[in-house]
Each structure stands twice: as structure tokens, then as C-alpha cells.
Amino acid sequence: MPEDRTSKVPFTQFPTSLFEQRAALESNELLNRMKQSRKAHQDPHRPQYHYVNPEGRLNDPNGLCYWKDHWHLFYQAYPPEDTRQHWGHAISRDLIHWEDLPYCIYPNPEDCCYSGATLVEDDRVIAMYHGTRAGNMVALSSDPLLLNWEKVGNRPVIPMPDGEVPYNVFDPCVWKSGGKYYALSAGQSSDGPGGQMVAADFLFESDNLNDWTYLHNFIEGDRYSRVGDDGACPYFWPIGDKYILLFFSHSSGGQYLLGDYDEERQKFVVTYGEKFNFGPPGPGGLHAPSATPLGDGSVIVVFNMNPAKSSEGWNQIMSLPRQLTLAEGGNDVNVQPVGDIESLRGDLIELKSLTLPANKDVLARELDGAPESGLEGNAYELQVDLQPSDASMVELNVLQSPEREESTRISVYRERGYPDRASYSRKTRTSFVTIDNSYSSVDPGVLCRAPETVEVHIEPDEPVQLRVFVDHSIVEVFVNDRKAVALRVYPSRSDSLGIAFRSQGSDTEIRQLKFWSLGSIY
């Protein structure tokens with residue numbers, strides 16, 4: 001007799017009209033418990049404009065999609081009465097303000113509901129995810145808020161293998177092409193140098209979501225991921241006139257492959273690849289992606305951020321949503337924040353045409369024209385445009401205490417990479433931007449890590465444009481709307497609120513500085 005893995009979490013079958021669903025949510029016991037849990041959290045490191053779970057832990061984001069005027073974010077949740085993974089659920093109209101909803105996909109017959117993706121059709125949303133000890137599952141929903149889900153066959157549609165097979169059964173994603181459904185199942189293959197293991201995503205085909213046929217390893221010509229990588233949490237979507245495969249490697253973090261989709265052979269032919277995190281995913285680094293197409297040729301992605309300190313009752317958080325667009329030439333991807341961040345802004349503080357003197361630490365509040373107060377905090381957006389200069393390095397420090405016992409360092413190194421030898425008409429060197437949490441906290445329980453360092457192409461006469469988001473225990477930096485770096489930080493001093501600059505070797509001009517305090521999304 002099959003093992004009963006029914007969840008202990010309270011379950012509700014909701015009505016199917018939006019009006020009735022909203023009425024039912026008002027009195028929902030589980031949702032009211034989540035609201036009370038949000039109010040009870042007082043941790044100073046808990047962010048206020050990055051999404052964090054209402055109760056318990058969270059892990060990978062799953063199935064990001066847009067359905068009936070709402071963005072839907074799902075995630076691996078750990079309810080207190082049954083800490084096996086369920087799919088948590090939140091919705092948003094603007095990708096910034098999130099509204100909690102009850103857990104939506106519960107385990108049974110699988111043991112836990114692991115990572116997966118969604119596919120939006122005209123009349124329904126398809127979720128495909130990994131059910132541990134069972135296999136890859138498919139669940140369907142068509143109600144206005146995606147509150148009710150029905151599992152296809154109430155069994156794994158791609159079961160865990162019983163014996164030797166040429167594929168892995170793990171994190172899936174799903175899409176449709178030529179009237180058929182296709183799904184990737186994450187894993188590894190021994191196709192690497194000398195038979196070593198490399199990232200692989202195995203392709204399956206179906207006419208009906210219930211019966212799936214294995215085809216082959218989907219990826220062809222990948223020279224960008226590393227030996228030892230795996231292809232977990234895959235998302236495969238069009239971007240511009242190319243396709244992008246986003247995934248997470250448990251050995252080297254979040255990354256993407258760019259290429260062409262050969263629909264006749266059902267192969268993804270890789271032309272480029274890059275990381276989303278530029279160091280280990282933990283402690284404190286970027287983790288797994290969840291992505292969906294926007295419909296204009298771009299892709300929206302959100303990541304979970306790993307902790308670097310134990311937090312009572314919660315741990316990971318979600319990054320700001322990012323919009324990915326195909327760069328000019330089609331050989332790279334640009335990254336910028338997306339969503340109605342402007343709705344969170346307080347009063348603007350703006351300064352222009354400032355000089356950073358060489359080899360001197362300068363507090364933001366000491367800059368010419370700066371107000372006596374306001375240019376500091378632990379929840380804000382800061383935009384800084386740095387004119388080209390001969391400075392060896394320009395440094396921006398945030399969450400800095402008065403005597404610099406604690407500080408998170410953002411550094412800009414112009415034209416330090418190798419020349420672009422692939423294009424002989426362009427001999428400029430790439431630049432680097434680094435975020436370093438080595439001195440972010442004096443708390444002995446906080447784990448710092450090697451800096452995140454992103455390589456970005458900036459023309460010699462082009463300003464460096466930094467868009468910095470600070471939110472209690474996370475710092476995200478977007479560079480010229482092309483690249484991004486992020487780390488978790490845990491300043492332990494209540495006065496670690498300062499902003500400071502340094503221009504090493506030579507003066508640097510700040511063309512413009514803009515600062516806004518940002519409010520809460522809850």
C-alpha cells in the first residue's frame with residue numbers, strides 16, 4: 001500500500017470566482033496566521049522592500065509567471081506544522097509590492113514539493129516541479145488567483161527511474177513548441193573532458209502532459225559552464241532573437257547560457273554563457289533563479305539570496321526582480337532592476353558636479369550642497385554617476401559606522417581587463433565592479449566571503465552609473481543597466497548607516513548623485 005504523505009498544513013478548497021476568492025481569503029485561518037507572523041518579526045536584518053517569507057524558512061523561487069493581471073511568485077516554503085517543502089505563493093501587480101497567499105501545492109504522493117516552473121496558456125497555468133521520492137509532477141490551475149491546483153494523474157508524470165536510464169529526474173521546466181509540450185529535467189552527464197561530469201538538462205516530449213517520452217540531452221556546444229556543474233532549476237525562454245537557459249549549479253551558482261533553439265532537432269545550440277553570481281552561492285550569495293518572459297523579448301528573473309547568519313524564524317530573501325534583455329550584437333545579456341520601485345521612494349536628495357579629492361575618505365553628508373541629515377540609512381536607493389578619471393579605484397562604502405568598524409565596500413576599477421581581441425575595431429579593456437562584505441559586521445556569528453566581482457564593458461568616455469539598493473541585510477548593485485552584483489550583509493551596530501566615498505590616486509568627478517529612502521512593501 002502506498003505511503004500516505006498527506007500534509008499536516010490546513011488545506012482549503014477555494015471558490016472559483018475572484019469576488020468569492022477574495023471574500024474567502026479575508027477569513028482564511030492560514031492567511032491570517034501569516035499576517036500575524038509578519039507583524040511579530042522584529043529582526044533588524046529583516047528587509048523591508050525585498051520579499052521574505054511570512055513564516056518559517058524559504059528556499060528556491062519557483063514558477064514566476066503573469067496571470068490575470070497579477071504576477072505570481074511561488075517558492076519552496078517550510079510551514080511550521082509540517083516542514084517538508086510546500087509551494088508558497090505571493091502575488092503582485094507591480095513586481096514590488098507582494099501580497100501573501102496560502103500555500104498552494106502540498107506534498108502527497110510526493111514527499112516534498114521541490115523546484116519547478118510554470119507555463120501560462122490561454123485558459124490555465126501549468127506547473128511542473130520535482131516531487132521527491134516520486135518524480136517530476138504536473139499540476140494545473142485556472143482560477144483567478146491560482147489558489148486551487150490539481151495534479152495530473154495524482155502521480156509523477158516522469159517517475160524516478162527504477163534501474164539504469166540515460167537521464168536524471170530532477171528540477172524541471174516546461175514550454176510548448178509546434179503543438180507539443182517539452183520539459184527539461186535537470187542533472188549531469190559524463191560528457192565533460194575525460195568523461196568528467198558536466199551540467200546537463202534532459203529533454204522530454206508530450207502531447208498531453210500525462211505521457212512523456214525521453215528524447216536526449218538538450219544542450220549542445222556548451223563551453224561556458226564548468227566541469228562539476230549541474231543544471232538545476234532550469235528556465236528556457238526566448239530573449240530577443242535568441243533563447244536563454246537560466247539555471248543553478250550547486251557547485252558554482254546561478255548562470256545562463258545564450259544560444260539558438262533548433263526546433264527541428266530539438267536542440268539548444270549554445271553561443272555564449274555567463275554567471276549571475278561571481279563567487280560561491282553561499283554564504284550570503286545569489287542562489288537559484290525563477291524566470292518568465294515579459295512578452296516584449298525580455299525575461300524577468302528573481303533569485304533567492306542565501307543567508308550568512310542564523311536568523312530566528314526566517315532565513316533567505318528574494319532579490320529585486322531583474323529584467324534581462326539581449327545586448328547589442330546578441331552575444332551578451334543586459335541586466336537592470338524592474339518593477340515599481342519609484343512607488344517606495346521618499347523625498348529626493350540630489351547633488352550635481354561634485355569633486356572627490358584624491359586619497360581622502362569623504363562622507364556623503366560632507367559633499368558640497370549635501371543636507372545636514374538624510375544622506376544615510378539602511379533602506380534606500382542611491383544612484384551615482386562617476387565621470388571617467390585617472391583614479392586607480394573609486395570606492396563607495398555603505399552601511400558604514402562612524403569609525404568604520406563596519407562597512408560594505410563597493411569598488412570600481414576602470415579598464416582593467418584584457419582588450420577585446422574578438423573585435424579588432426574595439427581595443428577597450430573591460431572594467432570591474434566589486435562588492436565586498438569582509439568588514440560588513442563585527443558580529444562573530446556572521447560569515448563573510450570573497451568579494452563578488454563582475455566584469456562589465458564601459459566605453460572610455462562613458463560614465464560609470466551605479467544604482468545601489470540597500471535593505472538592512474542585502475546590498476544590490478546595478479552597473480550601467482548591464483550587470484549586477486549582490487551580497488547579504490549583517491551590520492550589528494545601530495549606527496552603521498553612513499555612506500562614504502574615496503577616489504584613489506587622482507580626483508574623480510561625480511556628475512550626479514540621487515538618494516531616496518525606500519519604504520516598506522508590506
Looking at the rings of F268 and F236, which for Trp means the six-membered one, are their centres under 6.0 Å apart? yes
Applying ring-ring contact (aromatic ring centres under 6.0 Å, His included), name anything that partners H130, two or more places apart in sequence or on another chain. F170
Just by distance, do the side chain of S92 and the backbone of H97 share a donor-acceptor pair under 3.5 Å? yes
Validation row: D230, V198 side chains within 4.5 angstrom (heavy atoms): no
Are the side chain of N304 and the backbone N or O of A288 linked by a donor-acceptor pair below 3.5 Å? yes
Taking the side chain as every heavy atom from C-beta outward, state whether V125 and L140 have any pair of such atoms under 4.5 Å apart. no
So, applying side-chain contact (heavy atoms from CB on, under 4.5 Å) with Q21, which one of T16, L101, L146, L147 is it? L147
Might you confirm whether atom CD of E312 has over 12 heavy atoms from other residues, nucleotides or ligands at distances under 6.0 Å? no
D296, CG: over 12 other non-hydrogen atoms inside 6.0 angstrom: yes
For S7, the option from H86, R84, E81 that meets side chain to side chain donor-acceptor pair (under 3.5 Å): H86
Less than 6.0 angstrom separating the ring centers of Y243 and Y261, yes or no? yes
Report yes if the distance between the aromatic ring centroids of Y51 and Y75 is under 6.0 Å, otherwise no. yes
Nearest 0.5 angstrom please: T292 OG1 to W71 CH2, how far? 6.0 Å
Which residues satisfy the side chain to side chain contact (heavy atoms under 4.5 Å, CB included) test with E476, sequence neighbours excluded? H50, S319, L320, R322, F469, I474, F478, A486
Approximate separation, where rounding is to 0.5 Å, of F303 CZ and L246 CG: 6.5 Å
I'd like to check W175 versus I126 (side-chain heavy atoms, cut-off strictly below 4.5 Å). Are they in contact? no
State which residues pass side chain to side chain contact (heavy atoms under 4.5 Å, CB included) with P156; sequence neighbours excluded, sorted by chain then number. A134, M137, P159
Among all residues two or more places apart in sequence or in another chain, which pass the salt bridge (charged side-chain N to carboxylate O under 4.0 Å, His left out) test with D260? K242
For the CD atom on E29, are there more than 12 heavy atoms of other groups (residues, nucleotides or ligands in this structure) within a distance under 6.0 Å? no
Ring of Y522, cation from R38 - is the NZ or CZ under 6.0 Å from the centre and inside 45° of the axis? yes
Has D123 got more than 12 heavy atoms of other residues, nucleotides or ligands less than 6.0 Å from its CG? yes
Name of the residue among R488, M318, H287 meeting side-chain contact (heavy atoms from CB on, under 4.5 Å) with M305: R488
Test of understanding: with side chain to side chain contact (heavy atoms under 4.5 Å, CB included), list the residues that count as partners of Q383, not counting sequence neighbours. R345, E381, R467, K514, W516
NZ/NE/NH1/NH2 to OD/OE distance under 4.0 Å, E455 and K483: no
Are V464 and S431 packed together at the side-chain level, in the sense that at least one heavy-atom pair is separated by less than 4.5 angstrom? no
Find out whether F74 and L64 are in side-chain contact, i.e. whether some heavy atom of one side chain is under 4.5 Å from a heavy atom of the other. no
pair L95-V338: side-chain heavy atoms closer than 4.5 Å: yes
Please name all residues satisfying salt bridge (charged side-chain N to carboxylate O under 4.0 Å, His left out) with R482, sequence neighbours left out, ordered by chain then number. E462
W314 six-ring centre to R46 NZ/CZ under 6.0 Å and within 45° of normal: yes
Compute the centroid of each ring, for F204 and then for Y182, and state whether the two points are separated by less than 6.0 Å. no
Within the distance-only criterion (no hydrogens, no angle test), does the side chain of S407 pair as donor or acceptor with the backbone N or O of Y439 below 3.5 angstrom? no
Between CD1 on residue I239 and CG on residue L245, distance to nearest 0.5 Å: 12.0 Å
Can you confirm whether M197 sits close enough to V227 that some side-chain heavy atom of one is under 4.5 Å from a side-chain heavy atom of the other? no
